[in-house]
Number of protein chains: 2
Amino acid sequence: MSTTSSALVRKLNQFFPLGEAEIQEIHALERESRVVSAGTELVYERQTAHRAFIVKDGWAVAYKMLPDGGRQVIDFAIPGDFIGLRSVLLRTSDHSFAAITDIEVSEVPARKMMETFERLPRLGAAVLWAASRDEAMVVEHLVSVGRRDALHRLAHLLVELGLRLELVGLATPKGFACPLNQYLLADALGLTAIHVNRVLRTLRERKLVTMRQSEVVFHDLEGLRALASYHGGYLDQGGQRDD
Amino acid sequence: MSTTSSALVRKLNQFFPLGEAEIQEIHALERESRVVSAGTELVYERQTAHRAFIVKDGWAVAYKMLPDGGRQVIDFAIPGDFIGLRSVLLRTSDHSFAAITDIEVSEVPARKMMETFERLPRLGAAVLWAASRDEAMVVEHLVSVGRRDALHRLAHLLVELGLRLELVGLATPKGFACPLNQYLLADALGLTAIHVNRVLRTLRERKLVTMRQSEVVFHDLEGLRALASYHGGYLDQGGQRDD
DNA sequence: CGGCAAGTTGAACCGCCTCAATGACGGTGG
DNA sequence: CCACCGTCATTGAGGCGGTTCAACTTGCCG
């Protein structure tokens with residue numbers, strides 16, 4: 001098995017060992033791809049699109065708008081993630097997706113995905129595991145927004161992003177490239193961009209982490225993780241555990 | 001088909017028309033049941049229980065605890081809901097469940113459920129739809145906690161509970177029986193019980209809704225729904241739509 | 001009647017928001 | 001080459017929503 005350039009393979013393979021057949025199949029799904037430029041909407045709320053996208057490169061965001069113009073970010077999608085997976089497994093997608101950076105995505109029609117899962121059940125199980133992980137992240141996100149203060153929330157998000165990116169080889173314990181601006185962070189955390197700015201300053205002053213010009217640098221990852229009381233078993237726990 | 005006493009049948013049948021075989025199968029799954037007394041934990045966080053419960057009667061709560069003793073309620077389970085469905089479809093449940101009232105539940109082992117779904121795919125699809133609905137509710141919950149103020153949050157929750165209960169015949173547009181105390185509401189909404197109390201007073205004074213001694217009474221459901229800017233398509237939209 | 005859980009209310013405080021301004025940076029056109 | 005943008009980051013001052021702490025009340029159950 002060659003060192004793969006597919007983030008999705010890297011992610012799934014790490015915790016749900018795949019055979020050569022499954023890896024080849026993912027490569028086949030990802031063979032064709034197109035580039036979507038930053039800011040473009042990928043899926044609109046309530047749209048029933050019987051397809052999903054695999055993010056090969058770049059960042060996207062899942063969010064919902066409120067009547068008053070407010071926005072709540074549900075999740076960020078990074079390379080190796082699916083966009084709109086539920087609208088394939090189930091019916092309607094109920095939130096919107098937009099490209100944050102220019103992104104490269106492979107479109108996967110629902111029928112093709114179903115057929116693939118029938119042919120390669122292990123791959124189906126792996127993707128289902130990924131979907132479950134995504135949902136666990138939403139739940140943890142809810143806990144953050146509901147019960148943690150701004151400092152803990154932001155710390156938690158940065159630690160989690162770091163871990164997720166590490167799984168696909170896009171981060172190290174030192175830090176990672178991060179295209180999120182303070183408005184996106186604010187809308188994810190249920191805060192104001194202004195307050196995010198102040199909290200970032202606090203984290204910087206405490207020598208825990210610095211975020212500047214699209215780069216997150218961890219100065220004290222242990223301390224940051226402790227601050228966030230991050231356990232995050234839902235991220236790195238393989239699907240093969242069965243006890 | 002007789003008028004069923006099964007809340008699950010009522011719920012699924014309403015938006016995902018079931019045949020006689022599926023209905024009989026649900027009755028078979030629910031034949032045996034046991035009573036769990038109020039306050040009991042059903043599933044502990046991170047426990048890998050390969051089983052789910054169908055709630056036949058009573059209310060339960062899904063929540064996560066924080067190290068500092070805080071609690072975030074993820075969702076309330078009412079009759080006709082599953083508890084721990086994901087721990088069957090997927091692997092680990094990642095939050096805890098507790099009985100709010102005495103509840104009557106039917107335990108469904110994972111294997112039995114899988115086997116049932118293979119035998120009756122339409123039933124499998126219906127349950128998958130229910131799982132999808134649950135996830136949409138969590139997302140909407142996140143939006144509430146992240147971007148709505150206390151008044152809108154509480155209004156939204158009450159409207160949503162009313163609709164969900166109506167689907168299983170436990171509410172009318174007039175109101176419903178509700179065993180939630182102000183602490184549970186607070187932990188669901190990311191607020192303090194004290195503030196929930198004040199917000200309830202506001203809603204009462206505005207003649208929108210009254211909550212007293214385990215009874216929610218809608219005085220102006222239209223007004224309340226408008227306040228909550230409730231659309232809630234994710235609740236009452238059937239799984240059979242395909243456009 | 002005593003005891004406990006839950007609801008209710010007041011007063012003071014604080015985390016985060018709002019409004020407002022200013023600075024830094026890259027792009028673009030004259 | 002610089003003047004002019006637009007976007008994003010940064011900082012200050014003041015205000016509000018929601019918390020905290022501390023009663024007191026109400027209802028229920030033994």
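On a predicted model such as this, the values are computed, not experimentally measured, just so you know. Letters A, B, ... are given to chains in the order of the sequence lines, protein chains preceding strands, and every chain is numbered from 1.
For the pair Leu203(B) and Leu224(B), the minimum side-chain heavy-atom distance is below 4.5 Å. Val36(A) is not listed as a side-chain neighbour of Phe53(A), based on a closest heavy-atom distance of 4.5 Å or more. Side-chain atoms of Leu42(A) and Thr40(A), non-hydrogen and from C-beta on, never get closer than 4.5 Å to each other. By the 4.5 Å heavy-atom criterion applied to side chains, Val108(B) and Arg51(B) are not counted as neighbours. Arg198(B) is listed as a side-chain neighbour of Ile194(B), based on a closest heavy-atom distance under 4.5 Å. Side-chain contact between Arg147(B) and Asp187(A) is present, with at least one heavy-atom pair separated by less than 4.5 Å. Contact of the Thr172(B) side chain with the Phe218(B) side chain is not registered, since no non-hydrogen atoms from C-beta on lie closer than 4.5 Å.
Of the residues in residues 141-151 of chain A, those lying under 4.0 Å from DNA chain C by heavy-atom distance are Asp149(A), Ala150(A). Listed by residue number, the members of residues 174-186 of chain A with any heavy atom below 4.0 angstrom from DNA chain D are Asn181(A), Gln182(A).
Here dG18(D) presents its C1' atom at 16 Å from NE2 of His152(B), a figure rounded to the nearest Å. In this structure, Leu154(B) atom CG and dG17(D) atom P are separated by 16 Å, rounded to whole Å. As a whole-Å value, the separation of Leu203(A) CG from dA9(D) P is 15 Å. The separation between Asn197(A) atom CG and dC17(C) atom P is 12 Å, rounded to whole Å. Residue Met211(A) contributes atom CE, which lies 13 Å from atom P of dC8(D) at whole-angstrom precision. Rounded to whole angstrom, the span from the CD atom of Gln213(B) across to the C1' atom of dA5(C) amounts to 15 Å. As rounded to whole Å, 10 Å separates atom P of dT18(C) from atom CG of Asp68(A). Between Arg212(A) atom CZ and dA24(C) atom P the separation is 17 Å, expressed in whole Å.
Among the protein residues, Arg201(A) comes within range of the sugar-phosphate backbone only, with heavy atoms under 4.0 Å from sugar or phosphate atoms but none that close to a base.
When the nucleotides dC16(C), dT19(D), dG18(D) are ranked by their closest atom to the side chain of Arg198(B), dT19(D) comes out on top. Distances from the side chain of Ile194(B) to the nucleotides dT18(C), dT10(D), dG10(C) place dG10(C) closest.
Checked against a 6.0 Å centroid threshold, the rings of Tyr63(A) and His95(A) do not count as neighbours.
Side-chain contact annotation: His152(B) with Ser229(B), donor-acceptor N/O pair under 3.5 Å absent.
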